[in-house]
Colleague: 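Quick one: the structure is below, and I'll ask about it shortly.
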2 protein chains.
Amino acid sequence: MAVTIRDVAQACGVHVSTVSRTFSAPHLVNPETRNRVLAVAEQLGYRPNRAARALTTGRTHNIGLIVADIANPFFPPLIKAAQSHARQRDYHVFVADTDEDPRVEEELIQALAKQVDGVLLCSPRLSNRTIDRLREDVPFVVINRHVKGLPAVLMDVGHGAQQAIEHLVALGHRRLGLLSGPPGSSNSRLIHDAAAAAAADGAADLTVIGPNSPTEQGGQIAAAEVLAAEVTGVLAYNDLVAIGLVEGLEELGVQVPADISVIGIDDIMQGRLNRPKLTTVAMPTIAAGRTAVDMLLQLVGTTDVGPAVTSLQTTLVVRDSTAAPIRLPREVT
Amino acid sequence: MAVTIRDVAQACGVHVSTVSRTFSAPHLVNPETRNRVLAVAEQLGYRPNRAARALTTGRTHNIGLIVADIANPFFPPLIKAAQSHARQRDYHVFVADTDEDPRVEEELIQALAKQVDGVLLCSPRLSNRTIDRLREDVPFVVINRHVKGLPAVLMDVGHGAQQAIEHLVALGHRRLGLLSGPPGSSNSRLIHDAAAAAAADGAADLTVIGPNSPTEQGGQIAAAEVLAAEVTGVLAYNDLVAIGLVEGLEELGVQVPADISVIGIDDIMQGRLNRPKLTTVAMPTIAAGRTAVDMLLQLVGTTDVGPAVTSLQTTLVVRDSTAAPIRLPREVT
DNA sequence: GGCCATTATGCAACCGATTGCAGCTTGTGC
DNA sequence: GCACAAGCTGCAATCGGTTGCATAATGGCC
């Protein structure tokens with residue numbers, strides 16, 4: 001059915017190995033022969049069978065990318081960046097969605113293992129122990145989580161939280177709130193610690209509120225608590241929570257940013273689709289996708305690699321949900 | 001490195017073919033032997049190499065899914081549905097994003113062709129002629145577009161537009177607007193024709209506005225035109241345009257839905273993240289993903305298949321952006 | 001003109017599995 | 001006690017390429 005290397009060889013009157021070399025080691029074949037082979041191959045519509053090639057070379061030229069939820073707007077930019085970056089290096093990316101289910105995640109990794117040269121694990125939900133076991137099967141680079149002994153690409157959310165608090169302080173806010181994230185999450189702790197430190201540096205109070213569910217609804221519910229805490233500026237665990245908070249506050253008759261300033265984290269909306277446009281900490285998702293691909297390719301190219309960890313900078317994007325407080329806070333210095 | 005069928009055979013004292021059959025044709029091997037092989041395989045951590053299997057069987061048990069833009073919120077639910085549905089049938093889905101570039105799309109199809117049993121083409125940007133050429137390489141099912149001679153899964157956007165107009169008419173609106181989509185798009189024509197017919201049936205005027213760019217900004221810009229047209233209810237080409245329109249109208253001091261009702265198409269936000277929650281035509285993306293997988297698997301299973309076309313129903317989801325008009329329109333019957 | 005290095009090509013084993021065919025062992029029926 | 005069938009298992013070719021080694025042809029150099 002499909003045209004193979006043998007068909008081309010026969011049509012050219014050369015041996016299969018010559019045809020093979022024409023594609024995988026062109027410098028080893030006479031330019032004249034090479035051109036003839038290429039012409040015939042083109043004419044016959046020959047395409048190398050990557051799966052067959054993988055069988056002998058051990059290189060599939062594919063990489064896997066496993067994410068918890070494609071529908072989470074945080075991931076697509078990262079996926080796109082990884083794909084286009086990999087394509088430029090003659091690699092293809094197979095994306096798989098785990099539906100947040102660790103069992104599915106494990107199954108996918110095992111299924112992918114033999115068909116890819118390495119896997120990008122994006123915010124994995126698996127236990128460290130399971131990941132440690134699976135790394136026998138296929139090389140990993142982990143994105144957005146640190147697993148001991150594995151190369152990782154991290155985004156410095158702590159620094160982002162710091163920038164956010166400094167921004168509020170610079171605007172004149174002194175009574176700040178933090179809508180905290182899930183207690184178990186390491187990102188949640190990083191955000192809390194950095195925010196607390198930055199608030200202390202700025203001589204501002206920081207009231208921790210929650211944790212509520214890290215969703216729009218969670219933010220909406222937190223609105224009342226925010227009012228009760230009498231803060232004028234709030235940093236939310238993520239953009240969903242921030243957007244929910246804005247909605248909740250407006251339902252209570254509180255204007256953002258006139259009465260209270262709100263900052264999110266992640267920049268999932270990128271200023272679109274929401275009013276007021278959210279001031280937020282943008283994550284370097286595109287850089288993370290590219291970097292992860294580079295690290296993985298480097299890792300599969302060499303025999304041994306140290307567990308390199310790259311930490312990428314976040315950026316505070318100031319838009320319309322933050323402003324100076326109307327009444328100066330009481331405890332101004 | 002990895003444990004192969006030979007390692008298992010040797011450890012068991014049987015021939016490789018027996019091990020092979022244990023996995024691919026269990027009924028042909030003595031239960032006693034089979035259990036022994038399974039036990040040893042388990043203990044050694046043997047996993048079949050799907051790529052090698054594909055070489056002889058011609059079946060990879062993978063399917064490809066090519067979309068124009070993963071970041072477009074319209075696609076992720078479809079992707080997730082296709083993936084989980086395929087996984088239940090022991091197939092894996094490789095997702096690839098073309099960045100809206102037909103050349104990339106073609107390249108991806110060719111690269112994928114040998115590694116998958118079939119490809120789901122989601123809103124392809126390629127010309128019919130190119131698609132016709134590529135179908136020699138790999139079986140296709142097209143989603144969201146009709147290509148002559150190819151199986152397709154369509155979503156009945158015309159009926160959705162009809163429902164939307166009927167909803168506005170039922171609320172009492174008689175002066176309606178349609179924010180039209182790109183002139184070349186077939187969906188755009190389907191929406192226009194169905195909306196026009198439904199308006200005529202409901203004895204309502206339908207003013208076509210635009211086309212503007214099918215984006216949030218396009219909708220925002222159209223707000224002035226909508227006001228000038230003196231309509232009380234508007235159907236937008238998609239949700240992005242509808243959301244932009246709501247923003248544009250509010251900037252002009254017009255309330256939605258109090259002053260003007262707005263309906264979108266696609267249901268990308270699913271009622272989240274936007275005020276007012278948008279009344280919109282929900283596309284059956286989940287059903288489309290599942291159906292497309294089923295059609296593709298059926299297609300690769302048999303030798304010849306007719307170019308079946310499945311058309312899926314859309315649903316009007318009434319939320320908060322539509323209401324009865326305040327002032328009854330002049331030409332009430 | 002002979003020797004050697006260089007270049008180009010062919011040969012054949014191999015990657016990890018599948019599968020048609022043949023052969024062996026049992027068991028059954030008569 | 002023999003013929004035959006059924007049930008298992010082994011053998012070896014095959015899928016579509018890659019690659020180390022051998023061989024042949026060419027050219028340069030003294």
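Note on naming: letters A, B, ... go to the chains in the order of the sequence lines (proteins, then strands), and numbering restarts at 1 for each one. Keep in mind that this is a model prediction, so the values were computed, not measured. Note: hydrogens, waters and symmetry copies are ignored here, and every other heavy atom, side chains too, is used.
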Colleague: Has A:Asn49 got a side-chain atom pairing as donor or acceptor with A:Ala51's backbone, closer than 3.5 angstrom?
Modeller: yes

Colleague: Restricting to side-chain contact (heavy atoms from CB on, under 4.5 Å), what partner residues turn up for B:Glu106, sequence neighbours left out?
Modeller: B:Gln110, B:Leu126, B:Thr130, B:Arg133, B:Leu134

Colleague: Is it the case that the side chain of A:Arg59 and the backbone of A:Val300 share a donor-acceptor pair, with hydrogens and angles ignored and the cut-off at 3.5 Å?
Modeller: yes

Colleague: For the pair B:Asp97 (side chain) and B:Ile70 (backbone), establish whether a donor and an acceptor sit closer than 3.5 Å, ignoring hydrogens and angles.
Modeller: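 Indeed, once roles are kept as given, a pair shorter than 3.5 Å links the two residues.
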
Colleague: Suppose the criterion is side-chain hydrogen bond (donor to acceptor under 3.5 Å, both in side chains): which pairs have a residue in residues 24-42 of chain B, not counting sequence neighbours?
Modeller: none

Colleague: With sequence neighbours excluded, what pairs up with B:His61 under the ring-ring contact (aromatic ring centres under 6.0 Å, His included) test?
Modeller: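 Residues passing ring-ring contact (aromatic ring centres under 6.0 Å, His included) with B:His61: B:Tyr91.
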
Colleague: Can you tell me the distance, in whole Å, between the CG atom of B:Asn30 and the C1' atom of C:dT26?
Modeller: 12 Å

Colleague: Does atom CD of A:Gln43 have more than 12 heavy-atom neighbours, drawn from other residues, nucleotides or ligands, at distances under 6.0 Å?
Modeller: no

Colleague: May I have the step-by-step check of side-chain hydrogen bond (donor to acceptor under 3.5 Å, both in side chains) for B:Thr314 and B:Asp156, ending in yes or no?
Modeller: CA-CA 6 Å; B:Thr314 54; B:Asp156 191 351; 5.9 Å; no

Colleague: Sugar-phosphate means primed atoms, P, OP1 and OP2; the rest is base. With that split, encode nucleotides 16-22 of chain C 5' to 3' as B, S or - using protein heavy atoms under 4.0 Å.
Modeller: BBBBB--

Colleague: Below 4.0 angstrom, N of the basic side chain to O of the carboxylate: do B:Arg125 and B:Glu100 qualify?
Modeller: yes

Colleague: Give the first and the last nucleotide of DNA chain D, reading 5' to 3', that has any atom under 4.0 Å from a heavy atom of chain B.
Modeller: D:dC8 to D:dG16

Colleague: Does the A:Lys80 side chain pair with the main chain of B:Thr98, one donor and one acceptor, at a distance under 3.5 Å?
Modeller: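 No: the side chain of A:Lys80 does not pair with the backbone of B:Thr98.
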
Colleague: State, to the nearest 10°, the angle formed by the axis through the first five base pairs of the helix from C:dG1-D:dC30 to C:dC30-D:dG1 and the axis through its last five.
Modeller: 40°

